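Written below as structure tokens is the structure these notes are about.
Fair warning: this is a prediction, and the values are worked out from it, not measured in the lab. Computation of the quantities below employed the complete heavy-atom set of this structure, encompassing side-chain atoms and omitting hydrogens, waters and symmetry-equivalent molecules.
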Amino acid sequence: MQLVFFYVSIIAVLLVLAICSFFKPLDFRSYVIAVTSIAYSLVYEVILGEYYGLYYYINEKDSIIYIVLAGIILYPALNIIYVLFLPKEMKKALIYTVFWMVAMVIFEYFSLVSKTIVFTGWKPIPWSIITYIATYLWVYTLYRYMSNRKYMLNPS
């Protein structure tokens with residue numbers, strides 16, 4: 001069940017990303033978000049999951065493999081989808097971001113039920129909530145910063 005949920009999640013998110021990118025093509029900002037998401041996810045997951053042992057993916061022995069796969073495939077894809085439809089207006093962006101955080105809590109719940117992620121010391125409240133706030137804050141801030149720097153996207 002754990003492996004099925006893990007790989008179906010990755011395939012589903014990549015499929016959604018492919019469909020979304022057909023309607024809203026990826027640009028330089030999307031690729032920067034992807035690369036920084038990979039770095040952020042890997043550092044975060046390895047330190048908290050592997051080093052501190054607060055949780056593991058699938059099974060303790062092979063957890064690092066699944067952490068790396070999620071870090072380089074799943075989380076960057078989710079963050080790209082997030083920025084592709086991020087509203088420009090601050091109030092709408094806040095509502096949109098809250099929706100994404102709720103969706104991530106639900107995804108986390110199903111990850112726990114399927115035993116794809118097993119908490120051994122991690123507490124969803126408050127730590128998961130704080131993590132989602134921090135994650136979407138830096139993604140939002142970086143994306144807005146790059147959006148305000150038109151020269152980065154079109155140097156001419």
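Residues Phe99 and Val13 fall within the same hydrophobic cluster, defined by Ile, Leu, Val, Met, Phe, Trp and Tyr side chains chained together at heavy-atom separations under 4.5 Å. No path of Ile, Leu, Val, Met, Phe, Trp and Tyr side chains, each step under 4.5 Å between heavy atoms, connects Leu15 with Phe85, placing them in separate hydrophobic clusters. By the rule that hydrophobic residues join a cluster once side-chain heavy atoms approach within less than 4.5 Å of another member, Tyr7 and Ile65 end up as members of one cluster. Phe22 and Leu78 fall into different hydrophobic clusters, defined by Ile, Leu, Val, Met, Phe, Trp and Tyr side-chain heavy atoms under 4.5 Å apart, directly or through other members. Cluster membership for Leu54 and Val43, using ILVMFWY side-chain heavy atoms within less than 4.5 angstrom, is shared.
Taking all atoms of both residues into account, the shortest heavy-atom contact from Ile33 to Val139 is CD1-O, 3.9 Å. Contact record, Pro87 with Ala93: O-CB, 3.6 Å, taken as the closest heavy-atom pair. Across Pro76 and Ser37, no two heavy atoms sit closer than the pair CA-CB, 3.7 Å. Heavy atoms only, all atoms of each residue included: Gly71 and Leu42 are closest at CA-CD2, 4.0 Å. Contact record, Leu74 with Ser9: CD1-O, 4.0 Å, taken as the closest heavy-atom pair. The two residues Lys88 and Arg144 have their closest heavy-atom pair at CA-NH2, 3.2 Å.
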side-chain contact (heavy atoms from CB on, under 4.5 Å) assessment of Tyr52 paired with Ile47: CA-CA 6 Å; Tyr52 286 111; Ile47 289 173; 3.6 Å; yes
Please assess Ile133 against Met101 for the test side-chain contact (heavy atoms from CB on, under 4.5 Å), listing each intermediate value before the final yes or no. CA-CA 8 Å; Ile133 291 169; Met101 288 190 288; 3.7 Å; yes
Please walk me through it: do Ile81 and Trp100 pass side-chain contact (heavy atoms from CB on, under 4.5 Å)? CA-CA 10 Å; Ile81 296 167; Trp100 268 84; 3.7 Å; yes
Run Tyr40 and Thr135 through side-chain hydrogen bond (donor to acceptor under 3.5 Å, both in side chains) and show every step you take. CA-CA 9 Å; Tyr40 172 82; Thr135 299; 2.9 Å; yes
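A distance of 11.5 Å separates CG of Asp62 from OH of Tyr56, quoted to the nearest 0.5 Å. Rounding to the nearest 0.5 Å gives a distance of 6.5 Å between CG of Leu94 and OG1 of Thr97. Here the straight-line distance linking atom CD of Glu45 with atom CD1 of Ile64 works out to 9.5 Å at 0.5 Å rounding.
Not counting sequence neighbours, the partners of Ile73 by the side chain to side chain contact (heavy atoms under 4.5 Å, CB included) test are Ile10, Leu14, Leu69. Qualifying side-chain hydrogen bond (donor to acceptor under 3.5 Å, both in side chains) partners for Ser41, counting only residues two or more places apart in sequence or in other chains: none.
Among Trp138, Tyr96, Tyr75, the one residue that satisfies the ring-ring contact (aromatic ring centres under 6.0 Å, His included) test with Tyr82 is Tyr96. Across Trp127, Tyr66, Trp122, a single residue satisfies ring-ring contact (aromatic ring centres under 6.0 Å, His included) together with Tyr55, and that is Trp122.
For the pair Asp27 (side chain) and Ser30 (backbone), a donor-acceptor distance under 3.5 Å is present. No donor-acceptor pair closer than 3.5 Å links the side chain of Tyr136 to the backbone N or O of Val98. Panel note: side chain Thr116, backbone Ile58; no donor-acceptor pair is recorded below 3.5 Å. At least one donor-acceptor pair under 3.5 Å links the side chain of Lys24 to the backbone N or O of Leu84.
Using a 4.5 Å heavy-atom cutoff, the side chains of Arg29 and Val83 are not in contact.
Environment of CD1 in Ile130: crowded, with over 12 heavy atoms of neighbouring residues, nucleotides or ligands closer than 6.0 Å.
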Identify each donor-acceptor pair in which a side-chain atom of residues 103-112 lies under 3.5 Å from a protein atom, sequence neighbours left out, and give them as a table.
unit_1 : atom_1 : unit_2 : atom_2 : d
Glu108 : OE1    : Ser128 : OG     : 3.0
Glu108 : OE1    : Tyr132 : OH     : 2.6
Glu108 : OE2    : Ser128 : OG     : 2.9
Ser111 : OG     : Phe107 : O      : 3.0

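With 3.5 Å as the limit, one finds no donor-acceptor pair spanning the side chains of Tyr57 and Gln2.
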